[in-house]
Amino acid sequence: MRYKRLGNSSLEVSVVGLGTWAIGGDFWGKVDDERSIATIQRAIDCGINLIDTAPAYGNGHAERVVGEAIKGRRDKVVIATKCGIVKEGGRVTRNLKPESIRKEVEASLTRLGVDVIDLYQIHWPDNSTPLEDTLNELVKQRDAGKIKYIGVSNFDRKLMEEATSIAEIVSLQPQYSLLEREIEKDVLPFCREKGIGILAYGSLGAGVLTGKFKERPKFADDDRRENFYPFFHEPLWSKAMELVEVLRQIAVEVDKPVAHVALNWLTQQDGVTSALVGAKTPEQAEQNAASADWELTQDQLDTIESAYKRIYG
Ligand SMILES: NC(=O)c1ccc[n+]([C@@H]2O[C@H](COP(=O)([O-])OP(=O)(O)OC[C@H]3O[C@@H](n4cnc5c(N)ncnc54)[C@H](OP(=O)(O)O)[C@@H]3O)[C@@H](O)[C@H]2O)c1
């Protein structure tokens with residue numbers, strides 16, 4: 001495993017992190033908690049120390065499962081969770097008001113069974129709350145020792161500029177993979193310049209970049225990943241399949257899984273600290289962690305880049 005410092009923080013995180021959205025059990029089809037715990041523990045055994053979760057994943061369920069899995073292993077992990085997506089009166093809404101954050105921090109600490117959260121991230125922007133109010137509250141939580149560092153997610157460049165003028169932000173969590181490169185336009189250069197860490201999500205394109213889908217998958221009704229990730233629909237699906245073929249050729253050449261090629265492309269991008277990958281089984285976690293044992297050559301990176309330009313224009 002390779003490790004990098006997260007932005008200007010003192011946290012050293014693995015270049016492959018474990019994402020726990022699916023483990024929440026309410027969006028990615030059925031999951032078994034015992035297997036989820038085994039997945040988290042296998043990930044830790046393989047050198048993954050960064051675990052990303054959120055109260056929004058299964059309405060607290062993912063955090064509880066993470067809490068179970070890290071019992072006795074707290075010193076081996078960096079826990080990243082989030083705030084701002086809350087269930088109110090049966091509806092899920094964005095709420096970054098200070099009083100809501102105070103409740104959320106306490107609830108996350110309890111569910112995770114920890115006395116401090118290493119990285120506390122704003123999950124999505126909330127236009128109805130001044131960012132200054134939110135960040136001032138997060139600074140209070142940091143000063144009170146409940147959280148160590150503040151991060152944000154799904155912020156564009158303008159919001160990043162505003163946020164960093166108010167408080168110290170150590171990381172941004174955007175969607176970033178070979179299937180979604182929007183951040184390269186302006187927010188990634190901004191983060192590079194300011195030394196803000198990038199925790200990429202959707203690193204495997206919700207499974208597409210493993211090369212396992214030979215045709216457009218029909219997911220079970222309770223697996224709603226295609227509602228979140230647009231490349232399961234045309235015209236993006238066919239382009240994704242074309243790109244996966246290029247990754248597959250490299251994978252064959254180096255005798256590694258296709259997923260490794262996609263993850264190494266990501267972790268070798270300048271500015272990326274860690275690729276968050278949502279594993280559902282111990283085997284997936286182990287395979288994803290092993291991608292950090294080797295790197296793509298410049299020739300291989302160039303081949304991917306020219307294929308990307310040809311396919312996506
Ligand atoms: N901040 C945000 O707004 C936001 C949004 C999305 C995600 N995230 C975070 O980022 C994490 C990663 O993103 P993601 O989970 O959405 O997508 P992802 O990591 O691209 O894809 C995860 C899915 O790919 C499949 N998979 C993983 N490893 C595999 C392997 N080695 N072989 C075959 N299939 C494999 C699994 O599903 P199947 O086995 O069922 O195919 C898994 O659930 C999340 O878990 C979450 O922590 C944050």
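Indexing begins at 1, ligand by ligand and atom by atom, following the structure's order. These numbers come from the heavy atoms of this one structure, side chains and all, not from hydrogens, waters or symmetry mates.
Residue contacts with ligand 1: Lys82 is placed with no nitrogen or oxygen under 3.5 Å of a nitrogen or oxygen of the ligand (distance criterion only). In terms of polar-atom proximity, Val277 is not counted as a contact of ligand 1, lacking any N or O under 3.5 Å from an N or O of the ligand. Among the atoms of Thr20, some N or O lies under 3.5 angstrom from an N or O of ligand 1. Inclusion of Gly202 in the set of residues having an N or O under 3.5 Å from an N or O of ligand 1 is warranted. Below 3.5 Å of separation, one finds no N or O of Ala259 facing any N or O of ligand 1.
The contact set between ligand 1 and Lys212, taken as ligand atoms under 4.0 Å from a residue heavy atom, comprises 25 (C), 33 (C), 34 (N), 35 (C), 38 (P), 39 (O), 41 (O). Less than 4.0 angstrom separates some heavy atom of Gly207 from each of these atoms of ligand 1: 21 (O), 24 (O). For ligand 1, the atoms lying closer than 4.0 Å to a non-hydrogen atom of His123 are 1 (N), 2 (C), 3 (O). Near Gly205, the atoms of ligand 1 lying under 4.0 angstrom from a non-hydrogen atom of the residue are 20 (O). The contact set between ligand 1 and Tyr229, taken as ligand atoms under 4.0 Å from a residue heavy atom, comprises 6 (C), 7 (C), 13 (O), 14 (P), 16 (O), 17 (O). For ligand 1 and Tyr57, the ligand atoms under 4.0 Å from any heavy atom of the residue are 4 (C), 8 (N), 9 (C), 46 (C), 47 (O), 48 (C). Here is the list of ligand 1 atoms found below 4.0 Å of a heavy atom in Trp124: 3 (O). Here is the list of ligand 1 atoms found below 4.0 Å of a heavy atom in Gly19: 11 (C), 44 (C), 45 (O), 47 (O).
Residue, atom and distance of the protein heavy atom nearest to atom 39 (O) of ligand 1 are Gln284 NE2, 2.8 Å. In this structure, atom 12 (C) of ligand 1 lies nearest to the protein heavy atom Leu276 O, 3.4 Å. Given atom 47 (O) of ligand 1, the protein heavy atom at minimum distance is Asp52 OD2, 2.7 Å. Counting only heavy atoms of the protein, atom 18 (P) of ligand 1 lies nearest to Ala206 N, 3.7 Å. Nearest protein neighbour of atom 28 (N) of ligand 1, counting heavy atoms only, is Asn288 ND2, 3.0 Å. Among all non-hydrogen protein atoms, the one lying nearest atom 1 (N) of ligand 1 is Ser153 OG, 2.8 Å.
More than 12 heavy-atom neighbours from other residues, nucleotides or ligands sit within 6.0 angstrom of NZ on Lys212. Residue-environment remark: CG (Asp115) stays at or below the threshold of 12 foreign heavy atoms within 6.0 Å. With a 6.0 Å radius and a threshold of 12 heavy atoms from other residues, nucleotides or ligands, Lys146 has its NZ atom at or below the threshold.
For atom 10 (O) of ligand 1, the nearest non-hydrogen atom from the set Phe228, Tyr201, Trp28 comes from Tyr201. Summarising the contacts of atom 19 (O) of ligand 1 with Gly17, Ala56, Gly278, the nearest heavy atom is found in Gly278. Selection from Gln287, His260, Gln173 by nearest heavy atom to atom 31 (N) of ligand 1 gives Gln287.
Side-chain atoms of Arg94 never come within 3.5 Å of backbone atoms of Asn127 as a donor-acceptor pair (strictly under, hydrogens ignored). Listed for the Asp118 side chain is no donor-acceptor partner under 3.5 Å among the backbone atoms of Ala80. Looking at Glu104, its side chain does come within 3.5 Å of a backbone N or O of Gly84 through a donor-acceptor pair.
Between Arg310 and Glu245 no salt bridge is recorded (no basic side-chain N to carboxylate O distance below 4.0 Å). Of the charged side-chain nitrogens involved, at least one lies within less than 4.0 Å of a carboxylate oxygen, so that Asp223 and Arg225 count as a salt-bridged pair.
A donor atom on one side chain and an acceptor atom on the other are found under 3.5 Å apart for Gln173 and Gln121. No side-chain donor-acceptor contact under 3.5 Å links Arg111 and Thr81.
Residue contacts with ligand 1, taken as heavy atom pairs separated by less than 4.0 Å, do not involve Ser177 at all. Here Asn154 has side-chain heavy atoms under 4.0 Å from ligand 1, and that is the only part of it that gets that close. Residue contacts with ligand 1 for Gln121 are absent, since no atom lies close enough (heavy atoms, distance under 4.0 Å).
Between Trp265 and Tyr308, the gap from one ring centroid to the other reaches at least 6.0 Å.
Partners of Ser10 by side-chain contact (heavy atoms from CB on, under 4.5 Å), not counting sequence neighbours, listed by chain and number: Tyr149. Among residues two or more places apart in sequence or in another chain, the side-chain contact (heavy atoms from CB on, under 4.5 Å) test is passed with Ser165 by none.
The side-chain heavy atoms of Lys76 and Asn49, taken from C-beta on, include no pair separated by under 4.5 Å.
Distances shorter than 4.0 angstrom occur between a heavy atom of Arg225 and an atom of ligand 1.
Cys191 and Met160 make their closest contact through SG-CE, 4.1 Å (heavy atoms, listed as atom of the first residue, atom of the second, distance).
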